[in-house]
Amino acid sequence: MIIPLLTACQTKTEKDTNNGTAENIEKTETLSKIHEMNEEFTAYLKLFKKTDFPINIKGCLENEKGLNILDGKKFKQFNEDYSFSYKQIPTNGNYIATITLGVADCYLPVLTTYRLNGQIIDRKTIAIGYCGSDCGYSCEEFMSISKNFKIYTSDTISSYDCDSLGLEIPETYEYYVIYKEGKLLKDGKIQLTDEIKKPLKGRKNEP
């Protein structure tokens, strides 16, 4: 009777030891992954120059000079899009925020917020994105973030229909602005309204 009891005790001890070893290995691997991610996030943030408020971006007038290319592969866990680094901006909470410029007819600012370890909290395109090159169509993309963390983005549009010669068809002219408003919250969430369309008086001055 004594031998089976000793064997049972020995087996339990070995099992506990094995479990302890497995848990230690798992903890070590987890810490290693966190350390690796933190190092990569630090390297990622070095691609962004820090700036202060207010921040104003005219997407159709921006260029990539002096900015770093983000290919969507090297730092995939932080940014999956092909884009350009723009700025790291101040925050009103315990998080980090960056702006990248997405590539389209005009550059589209993308605001991304991260926990301190690089995990994404929120990401939103702070643009309207209706710009194009159709006959009679012109636009002005704009976004701003003020020192009180309020967000505004708009696209001021002037358009008319064209005839076969590319001339304006009478009574088809429209002049209006489409905009969104929002705020960068203390928890890193990005708040934005739906699009609002507002007619404008007069006619845009053509260049």
Side-chain angles (χ1 to χ4, degrees), residues 41 43-92 95-114 118 120-159 174-185 188-198 200 204-207:
F41 190 47
Y44 177 72
L45 292 178
K46 285 181 179 178
L47 301 177
F48 295 81
K49 292 181 179 179
K50 292 185 178 181
T51 192
D52 206 349
F53 294 127
I55 296 165
N56 297 309
I57 298 175
K58 293 183 177 181
C60 299
L61 299 179
E62 294 290 335
N63 65 70
E64 65 271 19
K65 185 178 179 180
L67 304 181
N68 294 290
I69 296 174
L70 305 171
D71 61 9
K73 296 177 182 178
K74 184 176 181 180
F75 296 107
K76 186 178 181 181
Q77 66 270 47
F78 312 123
N79 181 17
E80 294 183 344
D81 302 325
Y82 179 87
S83 56
F84 293 92
S85 65
Y86 185 71
K87 294 287 192 296
Q88 181 180 338
I89 69 172
T91 64
N92 54 356
Y95 64 92
I96 292 169
T98 64
I99 296 175
T100 54
L101 298 180
V103 180
D105 289 311
C106 294
Y107 289 107
L108 303 179
V110 178
L111 176 60
T112 307
T113 58
Y114 303 89
I120 293 174
I121 299 172
D122 203 356
R123 171 182 286 154
K124 282 187 171 62
T125 300
I126 313 298
I128 304 302
Y130 289 161
C131 281
S133 55
D134 292 342
C135 178
Y137 188 94
S138 69
C139 60
E140 292 179 10
E141 279 279 358
F142 174 76
M143 73 84 73
S144 70
I145 305 177
S146 62
K147 63 181 180 181
N148 57 1
F149 299 95
K150 287 188 177 180
I151 299 169
Y152 175 81
T153 181
S154 65
D155 195 351
T156 303
I157 296 170
S158 168
S159 70
E174 288 186 278
Y175 189 32
Y176 56 94
V177 61
I178 297 175
Y179 67 94
K180 295 179 185 179
E181 296 176 309
K183 191 166 186 179
L184 186 52
L185 305 179
K189 293 290 185 180
I190 304 164
Q191 198 175 67
L192 273 183
T193 64
D194 292 331
E195 291 180 2
I196 301 168
K197 183 176 179 179
K198 180 181 177 181
L200 298 174
K204 178 184 175 182
N205 292 326
E206 301 294 341

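It should be emphasised that the depicted structure is a prediction, and the values quoted were computed from it without experimental measurement.
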List the atom of [X], the atom of [Y], and the distance in Å for their closest heavy-atom pair.
| X | Y | result |
| --- | --- | --- |
| Pro109 | Ile57 | CG-CG2, 3.9 Å |
| Cys131 | Asp105 | O-OD2, 3.1 Å |
| Thr153 | Ala127 | OG1-CA, 3.2 Å |
| Ser154 | Val177 | CB-CG2, 3.8 Å |
| Lys76 | Glu80 | O-CG, 3.3 Å |
| Asp52 | Ile55 | O-CG1, 3.7 Å |

Legend entry - Positive for side chain to side chain donor-acceptor pair (under 3.5 Å) with Lys204, one of Ser138, Ser158, Ser159: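 Answer to the side chain to side chain donor-acceptor pair (under 3.5 Å) test with Lys204 among Ser138, Ser158, Ser159: Ser138.
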
Inset, instruction - Go through the steps for Tyr152 and Tyr179 under the test side-chain contact (heavy atoms from CB on, under 4.5 Å), then give the verdict. - result: CA-CA 7 Å; Tyr152 175 81; Tyr179 67 94; 3.6 Å; yes

Legend entry - side-chain contact (heavy atoms from CB on, under 4.5 Å) evaluation trace for Glu195 with Tyr130: CA-CA 12 Å; Glu195 291 180 2; Tyr130 289 161; 2.8 Å; yes

Legend entry - Ile190/Ile126 under side-chain contact (heavy atoms from CB on, under 4.5 Å): CA gap, chis, key distance, verdict: CA-CA 10 Å; Ile190 304 164; Ile126 313 298; 4.3 Å; yes

Beyond-backbone contact of [X] with [Y], side-chain heavy atoms, under 4.5 angstrom:
| X | Y | answer |
| --- | --- | --- |
| Ile145 | Ile99 | yes |
| Phe48 | Asn68 | no |
| Ile157 | Tyr175 | no |
| Leu47 | Phe75 | yes |
| Leu45 | Gln88 | yes |
| Ile96 | Thr113 | no |
| Leu111 | Thr98 | no |
| Ile120 | Thr112 | yes |

Legend entry - Parallel, tilted or perpendicular: rings of Tyr107 and Phe84 (30°, 60°):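 Plane angle over 60°, so perpendicular.
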
Legend entry - Ring geometry between Phe78 and Phe41 (parallel below 30°, tilted from 30 to 60°, perpendicular above 60°):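 Tilted: the ring planes of Phe41 and Phe78 meet at 30° to 60°.
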
Legend entry - Distance under 6.0 Å and angle within 45° of ring axis: Lys197 vs Tyr176: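 Yes, Lys197 lies over the aromatic ring of Tyr176.
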
Inset, instruction - Please check if atom NZ in Lys87 has more than 12 non-hydrogen atoms from other residues, nucleotides or ligands closer than 6.0 Å. - result: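 It does: Lys87 NZ has more than 12 such atoms within range.
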
Legend entry - CD1/Ile69: more than 12 non-hydrogen atoms of other groups inside 6.0 Å: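 At most 12 heavy atoms, drawn from other residues, nucleotides or ligands, come within 6.0 Å of this atom.
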
Legend entry - side-chain contact (heavy atoms from CB on, under 4.5 Å) between Phe142 and Thr156, worked out: CA-CA 8 Å; Phe142 174 76; Thr156 303; over 6 Å; no

Working to the nearest 0.5 Å, report the span between [atom1] of [X] and [atom2] of [Y].
| X | Y | atom1 | atom2 | result |
| --- | --- | --- | --- | --- |
| Tyr86 | Thr51 | OH | OG1 | 7.0 Å |
| Glu140 | Asp155 | CD | CG | 8.5 Å |
| Ile178 | Asp194 | CD1 | CG | 12.5 Å |
| Glu181 | Ile196 | CD | CD1 | 5.5 Å |
| Ile121 | Lys189 | CD1 | NZ | 7.5 Å |
| Ile128 | Met143 | CD1 | CE | 11.0 Å |

Legend entry - No-hydrogen, no-angle side-chain donor-acceptor test under 3.5 Å, Asn148 and Ser146: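 Short answer, yes.
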
Inset, instruction - Using only the SG atoms, establish whether Cys106 and Cys60 come within less than 2.5 Å of one another. - result: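 Yes, the SG atoms sit under 2.5 Å apart.
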
Inset, instruction - For the pair Asp81 (side chain) and Ser83 (backbone), establish whether a donor and an acceptor sit closer than 3.5 Å, ignoring hydrogens and angles. - result: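 No: the side chain of Asp81 does not pair with the backbone of Ser83.
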
Inset, instruction - Mind checking salt bridge (charged side-chain N to carboxylate O under 4.0 Å, His left out) for Lys124 and listing every partner two or more places apart, or none if nothing turns up? - result: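 For Lys124, the residues satisfying salt bridge (charged side-chain N to carboxylate O under 4.0 Å, His left out) (neighbours in sequence not counted) are Asp122.
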
Legend entry - salt bridge (charged side-chain N to carboxylate O under 4.0 Å, His left out) involving Glu62 - partner list, sequence neighbours excluded: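 None.
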
Legend entry - Close aromatic pair by centroid cut-off 6.0 Å: Phe149 and Phe53: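 Yes - the distance between ring centres of Phe149 and Phe53 falls below the 6.0 Å cut-off.
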
